[in-house]
Amino acid sequence: MHTTLPLQGGAGRGSAIMNEKLLTIVDQFATRGTVAEIKPLGEGLINDTLLVKTAQSEAPNYVLQRINTNVFPDVDMLMNNIRAVTGHIRQKLAARGETDIDRKVLTFVPLKNDQSKLYTIVDGEPWRLMIFINDAITKQAVNPESSEAAGEAFGDFQAMLADIPVQLGETIKDFHNMEFRLQQLKDVIAVDPAGRVASVQPIIDELLSYADEMTAAERLGREGKLPKRICHCDTKVNNMMFDKNDRVLCVIDLDTVMPNFIFSDYGDFLRTAANFTAEDDPDLSKVGFNMEIFKAFTRGYLRSAKSFLTPLEKEMLPYAATLFPYMQAVRFLWDYISGDKYWKCKYPEHNLDRVKNQLTLFKSAYALKDEMARFIAEQ
Ligand code: GN1
Ligand code: MG
């Protein structure tokens, strides 16, 4: 996504001024301790994220984030979702007798002068603060062990939220709505703003030939056969924290938590983790759906999600595994035809390479649907 990270960069006058501003922002929150240092944290492309170190060992460190309102326009809705979700998970963990709860769910810090508010607006931009989880790591790559752990953790996340008593908002409207994503593609094809439609017509035709089949969830939803549940909607392995012993501590990056068909979390994890290569690898001979990762993730997921999954949801998991590469191919093609406005491109055909990669992954997964179904039925 097109975003800038203006907070990064070395010392100097500019960063000193910026630091002063950051200090006054942190000072609005009900923190403990005094700030010793503020520096960039992580590689997130959407929000700007900083680590706030405190001087006292008994005070926690914090994570300060500027929320990207281009992607998340309704910050009130976003933070209300997060408050409801973290509060509900905290209750569930306590009821289970879990210890160390502060490391197993994110804790957002309220404002000093208004305990009911979890963010502040400075110069028109929203900022929030959460407690930094100590002695935790994130992973960038998956193997069967971490995939199984991730499956169990994301299934557990959905399971804990299955009975949340409040209605959450859609922080990105129609985010994983396949009918909407196809309509978006058709709309931009009709306008052809970058003059690229003719060159990708065979890809358009191929993608659209699956459109009916891939919008099954929306139809079943309308017929009342498929529920929407609270999903994470950005299930990548780097969106969870592990402890030193490789056990999952918690799920992070909660901005996209919203009601959806459960396929979102199951399918989107597999889209990235079960591809033999990166989503933008132009060498299509390397692209394919990795059944070993599929099996490990599915085993973990079903262990915790079986408490709430309906027979139809379970039966449709192979569909979910094909849906997300398909949806991503449609979204990347939409952006390519639009003239590369949404995702950052490192070279002119970058988005087109992503389209071809995801279409190839889709077809590879599609061919494995029966094998997936057999494995799921055995669990
Ligand atoms: C975006 O920025 P990142 O990588 O977390 C996108 C996802 C896509 C992904 C594809 C809010 O996620 O839906 O699957 O790119 N997030 C948003 O690379 O659009
Ligand atoms: Mg993330």
Side-chain angles (χ1 to χ4, degrees), residues 1 43 45 139-148 150-151 154 176 178 181-182 185 196 199-211 213-214 233-239 263-298 301 316-338 340 342-376:
M1 223 143 313
E43 287 141 35
L45 291 177
K139 294 176 191 274
Q140 297 302 330
V142 291
N143 55 33
E145 289 72 44
S146 60
S147 293
E148 183 161 345
F154 282 123
H176 284 167
M178 194 62 244
R181 294 300 180 188
L182 282 162
L185 175 63
R196 289 174 163 176
S199 66
V200 291
Q201 195 59 52
I203 298 180
I204 295 174
D205 294 343
E206 184 167 18
L207 276 173
L208 292 185
S209 73
Y210 292 95
E213 189 177 348
M214 300 316 291
C233 296
D234 190 16
T235 45
K236 297 189 183 79
V237 76
N238 65 8
N239 276 340
F263 309 145
S264 287
D265 290 357
Y266 182 81
D268 208 26
F269 183 90
L270 290 173
R271 182 183 75 77
T272 44
N275 191 349
F276 285 111
T277 188
E279 70 180 12
D280 62 351
D281 192 336
D283 181 354
L284 299 183
S285 70
K286 295 206 191 110
V287 179
F289 191 77
N290 182 338
M291 281 301 281
E292 199 191 351
I293 296 290
F294 163 85
K295 287 179 182 170
F297 180 73
T298 300
Y301 180 75
M316 287 181 74
L317 292 179
Y319 159 84
T322 61
L323 177 61
F324 279 81
Y326 179 77
M327 189 183 302
Q328 202 59 60
V330 169
R331 290 179 69 194
F332 283 145
L333 185 59
W334 158 75
D335 196 35
Y336 179 70
I337 293 175
S338 306
D340 307 322
Y342 195 78
W343 280 278
K344 269 190 191 137
C345 289
K346 296 196 177 122
Y347 55 94
E349 307 286 86
H350 199 168
N351 263 329
L352 186 58
D353 282 338
R354 290 170 172 142
V355 173
K356 291 178 184 166
N357 178 305
Q358 293 295 290
L359 178 58
T360 306
L361 178 66
F362 164 67
K363 288 194 279 184
S364 166
Y366 194 89
L368 288 162
K369 272 205 311 190
D370 290 347
E371 198 180 326
M372 291 187 220
R374 279 196 296 277
F375 181 80
I376 289 165

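Nothing here was measured: the structure is a model prediction, and the numbers come from that model. Side chains are part of it too, since the values below use all heavy atoms of this structure and drop only hydrogens, waters and symmetry mates.
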**Asked** Step by step, would you call His350 with Tyr336 a side chain to side chain contact (heavy atoms under 4.5 Å, CB included)?
**Response** CA-CA 9 Å; His350 199 168; Tyr336 179 70; over 6 Å; no
Are [X] and [Y] side-chain neighbours, meaning at least one heavy-atom pair lies under 4.5 Å?
X      : Y      : value
Phe294 : Glu371 : no
Pro318 : Ile376 : yes
Val330 : Met178 : yes
Met372 : Met291 : yes
Phe289 : Leu270 : yes
Gln358 : Leu207 : no
Leu333 : Leu359 : no

To the nearest 0.5 Å, tell me how far [X] [atom1] sits from [Y] [atom2].
X      : Y      : atom1 : atom2 : value
Thr277 : Leu284 : OG1   : CG    : 10.0 Å
Gln201 : Leu208 : CD    : CG    : 8.5 Å
Lys356 : Asn351 : NZ    : CG    : 12.0 Å
Cys345 : Phe332 : SG    : CZ    : 9.0 Å
Arg196 : Ile337 : CZ    : CD1   : 9.5 Å
Ser209 : Met214 : OG    : CE    : 11.0 Å

**Request:** Could you check Asp335 against Ser338 for side-chain hydrogen bond (donor to acceptor under 3.5 Å, both in side chains), going step by step and ending with a plain yes or no?
**Result:** CA-CA 5 Å; Asp335 196 35; Ser338 306; 4.8 Å; no
**Request:** Give the C-alpha distance, both sets of side-chain angles, the deciding distance and a yes or no for side chain to side chain contact (heavy atoms under 4.5 Å, CB included) between Val200 and Val355.
**Result:** CA-CA 10 Å; Val200 291; Val355 173; over 6 Å; no
**Request:** Keeping the roles fixed (side chain from Thr235, backbone from Phe269), state whether a donor-acceptor pair exists under 3.5 Å.
**Result:**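 Yes, the answer is positive, given that a donor and an acceptor are paired below the 3.5 Å cut-off.
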For a quick test of reading the model, state the closest non-hydrogen atom pair linking [X] to [Y] and the distance between them.
X      : Y      : result
Asp265 : Cys233 : OD1-N, 2.8 Å
Thr322 : Ala365 : CG2-C, 3.8 Å
Ser147 : Val142 : OG-CB, 3.7 Å
Glu206 : Lys363 : OE2-NZ, 2.6 Å
Arg354 : Lys344 : NH2-O, 2.9 Å
Lys286 : Phe276 : O-CB, 3.3 Å

**Request:** Determine, step by step, whether Asp353 and Lys346 satisfy the salt bridge (charged side-chain N to carboxylate O under 4.0 Å, His left out) criterion, reporting the C-alpha distance in whole Å, the side-chain angles of both residues, the deciding distance to 0.1 Å, and the verdict.
**Result:** CA-CA 11 Å; Asp353 282 338; Lys346 296 196 177 122; over 6 Å; no
Once you measure the plane-to-plane angle for [X] and [Y], does it fall in the parallel (<30°), tilted (30-60°) or perpendicular (>60°) bin?
X      : Y      : answer
Tyr266 : Phe297 : tilted
Phe263 : Tyr319 : perpendicular
Tyr326 : Phe362 : tilted

**Message:** Among residues at least two apart in sequence or on other chains, which ones pass salt bridge (charged side-chain N to carboxylate O under 4.0 Å, His left out) with Lys295?
**Reply:**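 With sequence neighbours excluded, Lys295 shows a salt bridge (charged side-chain N to carboxylate O under 4.0 Å, His left out) to no residue whatsoever.
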**Prompt:** Among Asn357, Asn275, Thr360, which residue meets the side-chain contact (heavy atoms from CB on, under 4.5 Å) test with Asp281?
**Reply:**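 Checked Asn357, Asn275, Thr360 against Asp281; only one passes side-chain contact (heavy atoms from CB on, under 4.5 Å): Asn357.
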**Prompt:** Any chance the rings of Tyr210 and Tyr366 have centres within less than 6.0 Å?
**Reply:**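 For Tyr210 and Tyr366, the ring centres are under 6.0 Å apart.
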**Message:** Please determine whether the number of non-hydrogen atoms from other residues, nucleotides or ligands lying under 6.0 Å from atom CD of Glu213 exceeds 12.
**Reply:**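 Result for CD/Glu213: enclosed.
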